[in-house]
Amino acid sequence: MATGRDEGLDVKIGLEVHVQLTALKTKLFCGCSANYRGMPPNTLTCPICLGHPGTLPVLNRKAVEHAMMVALALNSSISRQMIFFRKNYFYVDLPKNFQISQYDKAGGVPLSTGGWVEFAVNGEKKKVRIRRIQLEEDPARLTYPGTITTSSYTLVDFNRAGVALLEIVTEPDMETPEEAYFFLQKLRSIVEHLGVSSENMQGSMRCDANISIKGGARVEIKNISSFRDVRRALQYEIIRQKQLLRRGGAAKQETRHWDEDRQITVSLRVKETESDYRYFPEPDLVPVKISEEWISEVASKMPELPDDRRERFTSDYGIPEYDATVLTSNKKIADFFEECCKLYPNPKKVANWIMSDLLRNINETGIDVAEMSITAEQFIDLLKMIDEELISGKIAKRVLREAIRTGRSPRKVVEDEGLLKISDEKMIAKIVDEVFHEFEGAVADAKRDRKAVNFLVGQVMRKTRGRADPEITNKVILSKLEEK
Ligand SMILES: [Zn+2]
């Protein structure tokens, strides 16, 4: 199988993923509601998250626990004492002019260091190392009317300022945009299984990617909002940097912005170096002690993770490991599969239909799995309609595509579009007569050569838009040929 690697280019991709801890009720350092989505701008704020002088942050204990769960799930080693740092920069999304974050140098200790994520890329196993995981506050949300490059002004919403964010930094272990894509899918599946972050919430997982080619400078691509765009942005950067190399140039170290509308990366600024941020320990927060007991307590409450669930799917449902890997790469799909299996006794058939038709149609229509409206009951109803010979398998595929595209239930699609299978022999005989009348030459051929029978069957299918029962059609045609 093609690896998709560009041989000789020595592509190195690392990711910095920001995961919002959306299951928390309050922000990281104050009591303001963290549930800002759909709320009027600048209504969920207080003196602490607005950075008023004289206010003091108070750490949200639950946020540390949720962060610890992610660290444990990524095999990362949790620090026994973590320290918050100030990352200083002046920007409109930051009322204090610094972000309370963590740092792994100058005496800084992040939440955890090391670890790995293992995932499958086109059936091959891949392992990406984690460098560190840190806990920090989300800056305010900026809106650029139009696009970031053309907008003449910026709107700021401080509702998001101070929401708990995990920064997960990988080593530059990925070699293709595909690998980055599948890494992110696996990571999302893990945080969803942990119940600490939900895919349903737009912007709950954001990603910066860094990429270097042939030992050239590292280019950072900022603010990519979807996994598909991570893949596209990286593909674009590889082509751009390859062209630079071909012309004898090289990529310079810089930060580029992914322009979603134009599907290109654009230069934003020459990248700051770490010293520009003047990191120093946050004097308003004491170092946080994390005891063995606390870690074991959190570990004992860990829910089932995608890898364990994959094992269970192969043993409980008897499906192949490949199927189980695909199904558990998304929590909603894994839940959907299990619900379906409760309603229908053939797990392999359910898995096939989910993997080939459901997921393919979802990808093609560009709908996110989180927005998929079809229920397990409706999906199983479709499979039962095939079993009861009300529709053919071929029609069922068409019905499912239509159901996903329009949000109607499969049964409704079948009813609305009159797609029930025609099994009535008399009705089929009538259509066969019409076909015989139209294609007299083919009828004569069919009497001598059985291959021509298939042509006649095909014509009946064409007239009934695939709804005629093929076996009955075949039988009727053969008996009518005998009579001739
Ligand atoms: Zn607040």
Side-chain angles (χ1 to χ4, degrees), residues 14-21 26-32 45-61 63-64 66-68 70-71 76-115 130-142 156 158 160-171 206 208 210 218 220 222-223 253-255 268-291:
L15 298 174
E16 258 184 53
V17 190
H18 290 101
V19 178
Q20 247 182 18
L21 299 175
T26 55
K27 294 185 180 180
L28 186 53
F29 298 116
C30 65
C32 290
T45 59
C46 73
I48 294 175
C49 55
L50 286 178
H52 288 193
T55 56
L56 288 173
V58 180
L59 180 61
N60 181 339
R61 185 185 161 94
V64 181
H66 286 194
M68 284 160 73
V70 175
S76 192
S77 161
I78 296 174
S79 310
R80 292 301 177 270
Q81 175 169 286
M82 65 168 183
I83 302 170
F84 285 97
F85 262 55
R86 287 187 181 182
K87 181 182 182 179
N88 297 279
Y89 65 96
F90 179 78
Y91 204 57
V92 279
D93 62 2
L94 216 54
K96 300 191 293 286
N97 290 338
F98 62 83
Q99 178 191 28
I100 303 180
S101 179
Q102 297 189 316
Y103 197 46
D104 59 350
K105 301 184 191 85
V109 188
L111 170 86
S112 72
T113 48
I130 301 294
R131 185 177 293 169
R132 64 166 191 273
I133 303 174
Q134 61 188 40
L135 193 54
E136 60 188 31
E137 55 180 346
D138 209 350
R141 203 169 68 89
L142 302 180
V156 192
F158 286 100
R160 198 182 73 182
V163 165
L165 206 59
L166 269 191
E167 181 178 278
I168 301 167
V169 184
T170 78
E171 297 291 347
R206 307 190 290 272
D208 300 341
N210 56 69
R218 233 173 53 129
E220 195 174 2
K222 281 270 187 205
N223 300 318
Q253 187 176 335
E254 64 175 345
T255 300
L268 269 191
R269 57 178 186 262
V270 174
K271 186 164 170 42
E272 308 86 349
T273 56
E274 284 193 339
S275 59
D276 293 331
Y277 290 123
R278 293 179 298 118
Y279 279 99
F280 65 85
E282 164 60 87
D284 291 340
L285 286 162
V286 292
V288 181
K289 286 209 161 53
I290 301 178
S291 65

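In this structure Pro283 satisfies the side chain to side chain contact (heavy atoms under 4.5 Å, CB included) test together with Arg86, Phe280, sequence neighbours excluded. A search for side-chain hydrogen bond (donor to acceptor under 3.5 Å, both in side chains) contacts involving Thr26 returns Asn60, not counting sequence neighbours. Glu167 pairs by the side-chain hydrogen bond (donor to acceptor under 3.5 Å, both in side chains) definition with His18, Gln134, not counting sequence neighbours. Residues that satisfy the side chain to side chain contact (heavy atoms under 4.5 Å, CB included) test with Tyr89, not counting sequence neighbours, are Lys87, Tyr91, Asp93, Leu94, Gln99, Pro139, Tyr277. The side chain to side chain contact (heavy atoms under 4.5 Å, CB included) test applied to Pro57 returns Phe29, Ile100, Asp284, Leu285, not counting sequence neighbours. Partners of Lys96 under the salt bridge (Lys or Arg N to Asp or Glu O under 4.0 Å) rule, at least two apart in sequence or in another chain, are Glu137. With sequence neighbours excluded, no residue forms a salt bridge (Lys or Arg N to Asp or Glu O under 4.0 Å) with Glu136. Applying the salt bridge (Lys or Arg N to Asp or Glu O under 4.0 Å) criterion to Arg141, with sequence neighbours excluded, gives no partner residue. By the salt bridge (Lys or Arg N to Asp or Glu O under 4.0 Å) test, Glu171 is found to be paired with Arg131, residues two or more places apart in sequence or in another chain being considered. When the side chain to side chain contact (heavy atoms under 4.5 Å, CB included) test is applied to Ala71, the partners found at least two apart in sequence or on another chain are Ser76, Ile78, Leu111, Ser112, Ile133. For Asp208, the side-chain hydrogen bond (donor to acceptor under 3.5 Å, both in side chains) partners two or more places apart in sequence, or in a different chain, are Lys222.
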What's the verdict on side chain to side chain contact (heavy atoms under 4.5 Å, CB included) for Ile83 and Tyr103, showing C-alpha distance, side-chain angles and the deciding distance?
CA-CA 8 Å; Ile83 302 170; Tyr103 197 46; over 6 Å; no
Checking Val163 against Gln20 for the side chain to side chain contact (heavy atoms under 4.5 Å, CB included) test, could you report, in this order, the C-alpha distance in whole Å, the side-chain angles of both residues, the deciding distance, and whether it holds?
CA-CA 7 Å; Val163 165; Gln20 247 182 18; 3.9 Å; yes
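Looking at Leu59 and Val64, their side chains come closer than 4.5 Å, going by heavy atoms from C-beta outward. In this structure the side chain of Phe98 never reaches within 4.5 angstrom of the side chain of Arg278, judged on heavy atoms.
If you take CD on Glu16 and OG1 on Thr170, they are separated by 8.5 Å, rounding to the nearest 0.5 Å. For the atom pair SG of Cys32 and CG of Leu50, the computed distance is 7.5 Å after rounding to the nearest 0.5 Å. Between atom CG of residue Leu165 and atom CG of residue Leu135 there is a gap of 8.5 Å, rounded to the nearest 0.5 Å. Annotation: the span from Leu56 atom CG to Ile48 atom CD1 amounts to 7.5 Å, rounded to 0.5 Å.
Between Gln81 and Val109, the shortest heavy-atom contact is O-CG1, 3.3 Å. Closest heavy-atom contact between Ala67 and Leu166: CB-CD2, 3.5 Å. Shortest non-hydrogen contact noted between Phe158 and Pro95 is CE2-CD, 3.6 Å. Annotation for Arg160 and Ala140: closest pair NH2-O, 3.1 Å, computed over non-hydrogen atoms. Of all the heavy atoms in Ala161 and Lys27, the pair that sits closest is O-NZ, 2.9 Å.
Residue pairs meeting the side chain to side chain donor-acceptor pair (under 3.5 Å) criterion with at least one member in residues 45-58, sequence neighbours excluded, do not occur.
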